[in-house]
Q: 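Sharing a structure with you now.
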Amino acid sequence: MLTLSQFYTAVFGCKAYKLSLDAGCTCPNRDGTKGTGGCIFCSEAGSGDFAESRSLPVAQQVELAKKRVEAKLQGRSGSRKGVYVAYFQNFTSTYGDTEELLAKYRAALSCKDVSGLAVATRPDCLSDSMLKALSLIAEEYFVQIELGLQTSSEKTGTLINRCYTDNDYCDSLLRIRRASPRIHIVTHLIFGLPGETEAMMLDSLRFVLGHNSGFFGLKITVLYVVRGTVLAGMYERGEVKTMSKDEYLALLKKALALLPERCVVHRLTGDPPKKTLLSPLWTQDKKRVLNEISELTRPYPCPQRVLSDIVAAL
């Protein structure tokens, strides 16, 4: 396995920092196209609570996001020089008028020191025109598409109201690869979804591993409950129990042992908004959680030959 830092450094030749931006989208399971209410865990901000305001022009969002990154880096040792990846994070960032969205992507890429584009989306919201346009962008810039799978259990998928199937996910993988082998695909999984056992969560991971190859990305987070969601009501009624830190770390240890060497681990913990977080409260201590996760990843060094292959692959 590779860490995201290793991967981005190999791609860009320096450190890269993601800028959380808002493309002004919604989702088909919110607007009535496929459902209403959104996924049961998704906040009013569309799981992009730290993205800049959609009311601002993209260029202004980029500058504000840069300042956020710089503020976080204050006091850290080492050089802070690097490039940025414009990350359209919340809701479904390919859901809308293709030309309008592409104009926003290009506006972000035209900003100083922005060298890559990342778009978070659903497997069922990638039109042929969007994929063609992203493949053209990928000829000049690094492009990353993040797909929210969350679970491979169709029963859980229905419960969480994701309103797409595992087949939609598999089809999107094939279509992205046909559009451009240069596009970096990242899959999101959530551990601790209602009713799921440890075996089911590891089966979801095996499902992802079985359908991806090359340098593919993975994001795993523990389920967390924030106010204003359907999940919050379920939690308050005692219908949902969240994972303890020990349970989550023990499961991550088993998950990490399954990862191939070309799997890029983008995230192993979430970043819930503290003001609205109901559970699990241990996720608020992000520094401690990251330190404990780093101890889990330490036994898995990345071979130099793998790092050398990244540039050729992308």
Q: So D124 and S172, side chain to side chain contact (heavy atoms under 4.5 Å, CB included) or not? Walk me through it.
A: CA-CA 7 Å; D124 58 344; S172 69; over 6 Å; no
Q: I'd like to check F215 versus V306 (side-chain heavy atoms, cut-off strictly below 4.5 Å). Are they in contact?
A: yes
Q: From L149 CG over to K219 NZ, what is the distance, rounded to the nearest 0.5 angstrom?
A: 14.5 Å
Q: Assess whether side chain to side chain contact (heavy atoms under 4.5 Å, CB included) is satisfied between T36 and R30, documenting all intermediate values.
A: CA-CA 4 Å; T36 58; R30 283 178 178 261; over 6 Å; no
Q: Is there side-chain contact between V119 and L101, with heavy atoms separated by less than 4.5 Å?
A: no
Q: Under a 4.5 Å cut-off applied to non-hydrogen side-chain atoms, are L173 and N212 in contact?
A: yes
Q: So, R227 side chain and K275 main chain: donor-acceptor pair closer than 3.5 Å or not?
A: yes
Q: Under 3.5 Å, side chain of W282 to main-chain N/O of V289, donor-acceptor pair present?
A: no
Q: How long is the straight-line distance from OG1 of T269 back to CD1 of I293, given to the nearest 0.5 Å?
A: 4.5 Å
Q: Roughly how far, to the nearest 0.5 Å, is the OH atom of Y84 from the CG atom of L109?
A: 15.0 Å
Q: Side chains of Y95 and D31: donor-acceptor distance under 3.5 Å anywhere?
A: yes
Q: Rounded to the nearest 0.5 Å, how far does CG of L277 lie from CD of Q284?
A: 5.0 Å
Q: Is it true that the side chains of Y169 and T187 contain a donor and an acceptor less than 3.5 Å apart?
A: yes
Q: If only atom types and distance count, is the side chain of T94 paired as donor or acceptor with the main-chain N or O of C125 below 3.5 Å?
A: yes
Q: Which heavy atom of C42 sits nearest a heavy atom of T229, and at what distance?
A: O-CG2, 3.3 Å
Q: Do E52 and S20 get their side chains close enough for a donor-acceptor pair, meaning under 3.5 Å?
A: no
Q: Tell me yes or no: between the side chains of Q144 and Y8, is some donor less than 3.5 Å from an acceptor?
A: yes
Q: Using every non-hydrogen atom in the two residues, find where M234 and P194 come nearest and quote the distance to one decimal.
A: CE-CG, 4.5 Å
Q: Hey, any chance L189 and L258 share a hydrophobic cluster, counting ILVMFWY side chains that come within less than 4.5 Å of each other, even indirectly?
A: yes
Q: For the residue pair S279 / T242, report whether a side-chain donor-acceptor contact shorter than 3.5 Å exists.
A: yes
Q: Counting only N and O atoms by type, is there a donor-acceptor contact under 3.5 Å from the side chain of Q89 to the main-chain atoms of D22?
A: no
Q: Would you kindly confirm whether V186 and I145 end up in one hydrophobic cluster when ILVMFWY residues are joined by side chain heavy atoms under 4.5 Å apart?
A: no
Q: Minimum heavy-atom separation for N90 to L21, with atom names?
A: OD1-O, 3.7 Å
Q: Under a 4.0 Å threshold between the charged nitrogen and the carboxylate oxygen, would R162 count as salt-bridged to E154?
A: yes
Q: Can you get from L73 to L19 by hopping between Ile, Leu, Val, Met, Phe, Trp and Tyr side chains that sit under 4.5 Å apart?
A: yes
Q: Check for a donor-acceptor pair, side chain of K34 on one end and backbone N or O of N29 on the other, with a separation under 3.5 Å.
A: no
Q: Any salt bridge between E70 and K67, counting N to O under 4.0 Å?
A: no
Q: Using atom types as modelled and distance alone, determine if a side-chain donor or acceptor of S180 lies under 3.5 Å from a backbone N or O of R182.
A: yes
Q: SG/C263 to CG/L209 distance, rounded to the nearest 0.5 angstrom?
A: 6.5 Å
Q: Testing the 3.5 Å rule here: is there a donor-acceptor pair between the side chains of S5 and T3?
A: no
Q: Do other residues, nucleotides or ligands put more than 12 heavy atoms under 6.0 Å from R177 CZ?
A: yes
Q: Does some side-chain heavy atom of K112 sit less than 4.5 Å from a side-chain heavy atom of K66?
A: yes
Q: Membership question, hydrophobic clusters at under 4.5 Å side-chain separation (ILVMFWY): are L117 and V69 in the same one?
A: yes
Q: Verify side chain to side chain contact (heavy atoms under 4.5 Å, CB included) between F191 and L252, making sure each step is shown before the conclusion.
A: CA-CA 9 Å; F191 283 173; L252 276 187; 4.3 Å; yes
Q: Testing the basics here: between V225 and A232, what is the closest heavy-atom pair and its distance to 0.1 Å?
A: CG1-CA, 3.5 Å
Q: So, R54 side chain and C25 main chain: donor-acceptor pair closer than 3.5 Å or not?
A: yes
Q: In this structure, which one of V264, L259, V265 forms a side chain to side chain contact (heavy atoms under 4.5 Å, CB included) with L2?
A: V264
Q: Can you tell me how far CD of E196 sits from CG of L202, rounded to the nearest 0.5 angstrom?
A: 10.5 Å
Q: So, E198 side chain and L251 main chain: donor-acceptor pair closer than 3.5 Å or not?
A: no
Q: Taking T165's backbone N and O only, do any of them form a donor-acceptor pair with D168's side chain (distance below 3.5 Å, no angle check)?
A: yes
Q: Are the side chain of S204 and the backbone N or O of S152 linked by a donor-acceptor pair below 3.5 Å?
A: yes
Q: What are the two closest heavy atoms between V83 and F12, and how far apart are they?
A: CG2-CG, 3.8 Å
Q: Please tell me whether Y141 and L126 are part of a single hydrophobic cluster in this structure, the criterion being side-chain heavy atoms less than 4.5 Å apart.
A: yes
Q: Measure the shortest side-chain to side-chain distance between P28 and T92 over non-hydrogen atoms and say whether it is less than 4.5 angstrom.
A: yes
Q: Looking at D285 and K245, is there a salt bridge between them, counting it only when a charged N and a carboxylate O are closer than 4.0 Å?
A: no
Q: One pair to check against side chain to side chain contact (heavy atoms under 4.5 Å, CB included): I160 and Q150. What are the steps and the verdict?
A: CA-CA 9 Å; I160 65 176; Q150 321 311 356; 4.2 Å; yes
Q: Would you say L223 and L231 make side-chain contact, with heavy atoms under 4.5 Å?
A: yes
Q: Please examine the side chains of F207 and D203, heavy atoms only from C-beta on, and report whether any two atoms are closer than 4.5 Å.
A: no
Q: Kindly say whether the aromatic ring centers of F216 and H184 come within a distance under 6.0 Å.
A: no
Q: Might you point out which heavy atoms bring C163 and R122 nearest each other, and give the distance in Å?
A: O-NH2, 3.3 Å
Q: Using distance alone, with no hydrogens and no angle criterion, decide if E146 and H188 have a side-chain donor and acceptor under 3.5 Å apart.
A: yes
Q: Answer yes when R305 and E261 have at least one side-chain N-carboxylate O distance shorter than 4.0 Å, and no when they do not.
A: yes
Q: With a 4.0 Å cut-off on N to O distance, would you call R106 and E100 a salt bridge?
A: no
Q: Under a 3.5 Å cutoff, is there a donor and acceptor pairing between the side chains of S127 and S129?
A: yes
Q: Do I190 and F41 have side chains that approach each other closer than 4.5 Å (heavy atoms only, starting at C-beta)?
A: yes
